[in-house]
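Quick note on labels: first sequence line is chain A, next is B, and so on, each numbered from 1. Predicted model, so just to flag it, every value in this text is computed and none were measured.
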There are 2 protein chains.
Amino acid sequence: MPDDARAAVAEPTPSCPVEITLGALRGRWTTLVVRELLRGERTFTELARALPALSDKVLSDRLAQLAESGVLVRDRRPGWPPRTSYRLTPRGRRLGPVLQALWDWGAGDDRG
Amino acid sequence: MPDDARAAVAEPTPSCPVEITLGALRGRWTTLVVRELLRGERTFTELARALPALSDKVLSDRLAQLAESGVLVRDRRPGWPPRTSYRLTPRGRRLGPVLQALWDWGAGDDRG
DNA sequence: CTGTATCCTGAACGATACTG
DNA sequence: CAGTATCGTTCAGGATACAG
């Protein structure tokens with residue numbers, strides 16, 4: 001973390017890298033979608049089936065959000081029935097260690 | 001990450017460690033408060049001054065939230081004027097690597 | 001199958017005022 | 001100094017219906 005991270009902060013969402021990452025992961029279900037994709041390519045329906053309590057709209061929102069932040073890409077195949085796959089970009093795959101860090105802290109036994 | 005992380009997920013906020021961590025860091029300003037405390041003990045006023053755009057109420061909310069999740073402790077000293085210090089617990093200090101991981105990803109140049 | 005549009009509700013946020 | 005109480009607004013989440 002560079003030293004200018006120490007600068008006085010007037011806003012919580014400037015160009016701060018921490019906020020960029022939290023922005024990409026923001027919202028319910030987001031990390032679960034990413035985790036599913038870390039296991040491999042998935043279609044819309046496969047994601048919906050893996051996350052049964054998640055509505056179509058929110059899944060759509062999450063996929064758009066993650067595409068926007070460069071975490072995943074859509075792979076739309078022509079023909080019928082329409083079939084779209086989602087897979088992580090290299091940048092998206094690099095979220096693996098981030099989720100690992102989040103996991104480790106949350107699983108911490110508080111001693112030490 | 002243990003293998004049962006692969007289990008089908010019906011809710012986004014079960015006892016999943018990732019969600020525990022995100023829950024602790026949830027909300028605007030939260031990571032900035034933690035980052036300030038990573039630099040050392042701080043009083044309410046010092047935190048408020050470091051984060052000028054943050055209202056008393058929200059700062060109070062954040063400190064309560066972070067105390068609740070075991071990230072920091074209050075150190076209230078008797079006498080007048082009242083003076084309260086906040087400092088991270090060992091668990092709170094272990095958020096350092098987590099914020100580092102968030103920082104690194106957000107600062108990533110997208111190549112590789 | 002793969003989404004988008006619309007509406008509704010509850011929680012988070014921020015301002016202000018007030019207390020020990 | 002160190003907070004809490006109250007209130008209004010905004011925004012994300014979820015249900016439902018519909019479209020390419």
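Rounding to whole angstrom units, CZ of residue A/R42 and P of C/dT2 are separated by 13 Å. Following rounding to the nearest Å, B/R26 (CZ) and D/dC11 (P) show an atom-to-atom distance of 18 Å. Remark: C1' of D/dG3 and CZ of B/R83 are 15 Å apart, rounded to the nearest angstrom. Spacing between atom CG of B/D75 and atom C1' of D/dC1 amounts to 15 Å, rounded to whole angstrom units. Per the geometry, CG belonging to A/L54 stands 13 Å off P belonging to C/dG3, to the nearest Å. Across the protein-nucleic acid pair, A/D56 atom CG and C/dT6 atom P stand 17 Å apart, rounded to whole Å. Here C/dT6 presents its P atom at 14 Å from CG of A/D61, a figure rounded to the nearest Å. If you measure from atom CG of A/L59 to atom P of D/dG14, you get 12 Å, rounded to the nearest angstrom.
Put simply, A/W29 has no side-chain N or O that comes within less than 4.0 Å of OP1 or OP2 on D/dA12. Considering only side-chain N and O atoms, A/R76 lies under 4.0 angstrom from the phosphate OP1 or OP2 of C/dG3.
Atom CD of A/E46 sits in a crowded spot, with more than 12 heavy atoms from other residues, nucleotides or ligands closer than 6.0 Å. Heavy atoms from other residues, nucleotides or ligands lying under 6.0 Å from CD of A/E41 number more than 12.
Looking at heavy-atom distances under 4.0 Å, B/T84 makes contact with sugar-phosphate atoms alone, never a base. Residue B/R77 is classed as having no contact, given no heavy-atom separation below 4.0 Å to the nucleic acid.
Side-chain contact between A/L88 and A/L95 is absent, with no heavy atoms from C-beta onward closer than 4.5 Å. Considering only heavy atoms from C-beta on, B/L37 stays 4.5 Å or farther from B/R87 through its side chain.
In this structure, of C/dA15, D/dG3, C/dG3, it is C/dA15 that holds the atom nearest to the side chain of B/S55. The side chain of B/V58 sits closest to C/dG14 out of C/dG14, D/dG14, D/dA12. Listed nucleotides: C/dG3, D/dC1, C/dG14. Nearest to the side chain of A/S60: C/dG3. In the set D/dA2, C/dC1, C/dG20, the nucleotide with an atom closest to the side chain of B/W80 is C/dG20.
Not a single donor-acceptor pair under 3.5 Å links the side chain of B/E19 to the backbone N or O of A/T31.
The nearest heavy atom of DNA chain D to B/Y86 and to A/Q65 marks one nucleotide each, and the one closer to the 5' end goes with B/Y86. Closest-nucleotide positions on DNA chain D for A/P82 and A/K57 were compared, and the one nearer the 5' end corresponds to A/K57.
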